[in-house]
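See below for the structure under consideration.
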Amino acid sequence: MTAINWQEEVKKREAEILAETQRFLQIKSVLTSTEKQEEPFGPGIAQALDFLLNKGKNDGFSVKNVDGYAGHIEAGEGKELLGILCHVDVVPEGDGWSVDPYGGEIKDGKIFARGAIDDKGPTMAAYYAMKIVKDLGLPLSKRVRMIIGTDEESDWRCVDHYFNHEEMPTMGFAPDADFPIIFAEKGITDVEIRQQPIEGTKGRVQLTSFVSGRRYNMVPDLATAVLEFHSETDIKNKYDQFLKEQSLKGSITEKSGAYTLTLEGVSAHGSVPDKGKNAGLMLLRFLHTLELDEQANQFVGYANAYLVQDALGEKMGLNRKDEVTGDLTINVGIMSYNQEEAGHFGLNIRYPVSAHIDDIIDTIKEKSESYQMTIKHFTDSKPHHVDQKHELIQTLQKVYQEQTNEEPTLISIGGGTYARALEAGVAFGPLFPGREEVAHEKDEYMVIEDLLRATAIYAQAIYELAK
């Protein structure tokens, strides 16, 4: 068979790819409340799903809508199934755009819109990759199925529902992250820890309230504490000195005998807590120097014993590490305290593929007991890992190297991608090395050259995996 010039096949369809991508991006597919059973995530998301399914049907593919939760577009024949997992939902646009967030405007070699890079642009690249393989009439030994999710940006209810009703692919990839290949992802657990209140506690300093952080998976960049003193205090000088020594920004104000302390940190994603400065933990470090009441001292003491300045969990006895995914990390994303309900911590833990969630939870329980802390709730997403020798990995590495002349490095991450919904799946593009990460940001875009390059890579990958 004559060698296929995948880039040339994409070039022939460039005008159509861009026009259809613009149409797709112009659908505002943001999660909204709805009472319609056939639109579980709102009319915009339903419209985007219908757009793709109708397009697939008109182009001669087999299509299916799975109760409005998801859908698929399929070609080929065979017992085995190659899955391509995409999603049509997008996060809200937010403020500050210089272009229409749902205009699909093309300028300066880029296409701008919410969802351009996450994940509508890459979804269209994968769709046209399937279409190119189909148009060329290439013989396949496997079925190729694009699985279309609708709730990736929220709770993944789409894939949960889909795989409760449809078969799991033999293997597959998700065009929803970075090139070259993300082959391993840490486990992710959110742990809610609550302090048991203590009645009638006293101390020279009363901690009235403490608040820092709103999301488990973000490093808090602001913390606030309110204190009351039962004797003379030099708290202002002491706090100012602490801020100076630690090179931190903050403030202290007094009103009616109550002192309000604020501290500014630096936010970062919960998967890389050391890249930020946790405002809450830094303020708790300062509060540990004060003669607090018993309940507050227990709350502050717990944080300093096990959480402050320890993103690897060594103080808690959670330090775990392997060669595939590296170190366990802990982000303390939520901290709160008041005199009536006592303290609350929200931990976001990313653990390596060789670690076990039961061991992690048991260790936290054991360490927390002496501080009257208990685990109230936890969620868990298991680690995901595909062996480097797997046919999927070997094939995608070959395709990526042939088309880019770059080393097809295997990447391990602390974050979670759609690929973990597949039993044997990896994240494969669309963001090329060195490109700016603009997903979820204002003026989100995808470089048109990258959209077309990704289409060619996906087309060859589909053929090589399914031939």
Side-chain angles (χ1 to χ4, degrees), residues 1 3-4 6 76-86 122 125-126 129-130 133 138-147 159 163 167-188 271 320-328 350-357 381-433 453-454 456-467:
M1 190 177 87
I4 301 165
W6 299 103
E77 294 180 353
K79 183 178 179 181
E80 293 187 73
L81 179 65
L82 172 66
I84 306 163
L85 191 51
C86 307
M130 285 181 64
V133 172
L138 299 173
L140 303 178
S141 64
K142 298 183 181 75
R143 289 169 292 140
V144 180
R145 177 181 291 182
M146 173 182 279
I147 300 168
V159 287
F163 288 121
E167 68 181 295
M168 176 66 66
T170 311
M171 58 181 151
F173 63 86
D176 190 23
D178 298 343
F179 282 123
I181 301 164
I182 296 174
F183 82 114
E185 304 175 15
K186 291 180 182 178
I188 305 172
S271 63
R320 309 281 189 275
K321 184 177 183 178
D322 60 37
E323 292 184 0
V324 176
T325 42
D327 290 296
L328 177 148
R350 313 285 174 129
Y351 61 94
V353 296
S354 59
H356 301 283
I357 186 61
S381 177
K382 300 297 183 189
H384 182 72
H385 171 229
V386 179
D387 190 282
Q388 298 182 28
K389 296 180 181 179
H390 194 286
E391 174 192 353
L392 175 67
I393 300 283
Q394 299 285 310
T395 302
L396 295 182
Q397 284 186 305
K398 169 181 174 289
V399 170
Y400 183 82
Q401 189 161 36
E402 285 180 3
Q403 290 220 22
T404 66
N405 292 316
E406 295 174 2
E407 189 66 27
T409 310
L410 298 182
I411 304 170
S412 167
I413 63 171
T417 76
Y418 231 7
R420 68 171 60 210
L422 301 173
E423 290 178 0
V426 299
F428 189 46
L431 196 67
F432 287 93
R453 289 173 71 198
I457 290 171
Y458 293 150
Q460 184 181 351
I462 289 167
Y463 174 61
E464 296 285 353
L465 289 167
K467 68 182 180 182

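Using a 4.5 Å heavy-atom threshold, the side chains of Y351 and K382 count as touching. Side-chain contact between F183 and I411 is absent, with no heavy atoms from C-beta onward closer than 4.5 Å. Side-chain contact between V133 and I462 is present, with at least one heavy-atom pair separated by less than 4.5 Å. I147 places none of its side-chain heavy atoms less than 4.5 Å from the side chain of I84. Using a 4.5 Å cut-off on side-chain heavy atoms (C-beta onward), K142 and M171 make contact. Within the 4.5 Å cutoff, side-chain heavy atoms of L422 are placed close to those of F163. Side-chain contact check for L328 versus K321: every heavy-atom pair is 4.5 Å or farther apart. In this structure the side chain of I393 never reaches within 4.5 angstrom of the side chain of D387, judged on heavy atoms.
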Show the numbers, then the answer: is there a side chain to side chain contact (heavy atoms under 4.5 Å, CB included) between Q403 and R453? CA-CA 8 Å; Q403 290 220 22; R453 289 173 71 198; over 6 Å; no

Evaluate the criterion side chain to side chain contact (heavy atoms under 4.5 Å, CB included) for residue pair Q397 and L410; output intermediate values, then yes/no. CA-CA 9 Å; Q397 284 186 305; L410 298 182; 3.6 Å; yes

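What you find for H384 and G425 is that their closest heavy atoms are NE2-O, 2.6 Å. Closest non-hydrogen pair, P433 versus P180, comes out as CG-CD, 4.4 Å. Here the closest non-hydrogen pair linking A174 and A419 is CB-N, 3.9 Å. Closest non-hydrogen pair, Y458 versus P122, comes out as CE1-O, 4.3 Å. Residue P175 comes nearest to P430 through the heavy atom pair O-CD, 3.7 Å, listed as atom of the first residue, atom of the second, then distance. Scanning all heavy atoms of the two residues, the minimum distance from M130 to V144 falls at CE-O, 3.7 Å.
To the nearest 0.5 Å, atom CG of residue D176 and atom OH of residue Y418 are 8.0 Å apart. Atoms CG and NZ, from L82 and K467 in turn, are 13.5 Å apart once rounded to the nearest 0.5 Å. Distance check, rounded to the nearest 0.5 Å: CD1 of I457 to OG1 of T404 gives 6.0 Å. Interatomic distance, OG1 of T170 versus CG of L465, reported as 11.0 Å (0.5 Å rounding). Distance check: L396 CG to Q401 CD gives 13.0 Å after rounding to the nearest 0.5 Å. For the atom pair CD1 of I413 and NZ of K186, the computed distance is 10.0 Å after rounding to the nearest 0.5 Å.
By the 6.0 Å contact criterion, NE2 on H356 is open, its count of non-hydrogen atoms from other residues, nucleotides or ligands being 12 or less.
Residue pairs meeting the salt bridge (Lys or Arg N to Asp or Glu O under 4.0 Å) criterion with at least one partner in residues 402-417, sequence neighbours excluded, are K398-E402.
The aromatic rings of F173 and F428 sit perpendicular, their planes meeting at an angle over 60°, well past the 30° parallel limit.
Side-chain N/O atoms of S381 and R420 include a donor and acceptor closer than 3.5 Å. Counting only N and O atoms by type, the side chains of E185 and T417 include a donor and acceptor under 3.5 Å apart.
Every ring-ring contact (aromatic ring centres under 6.0 Å, His included) that F432 has, sequence neighbours left out, goes to F179.
Salt-bridge check for R143 with E167: passed, with a basic side-chain N closer than 4.0 Å to an acidic carboxylate O.
Of the possible donor and acceptor atoms, none in the side chain of H385 sits under 3.5 Å from a partner among the backbone N and O of S354.
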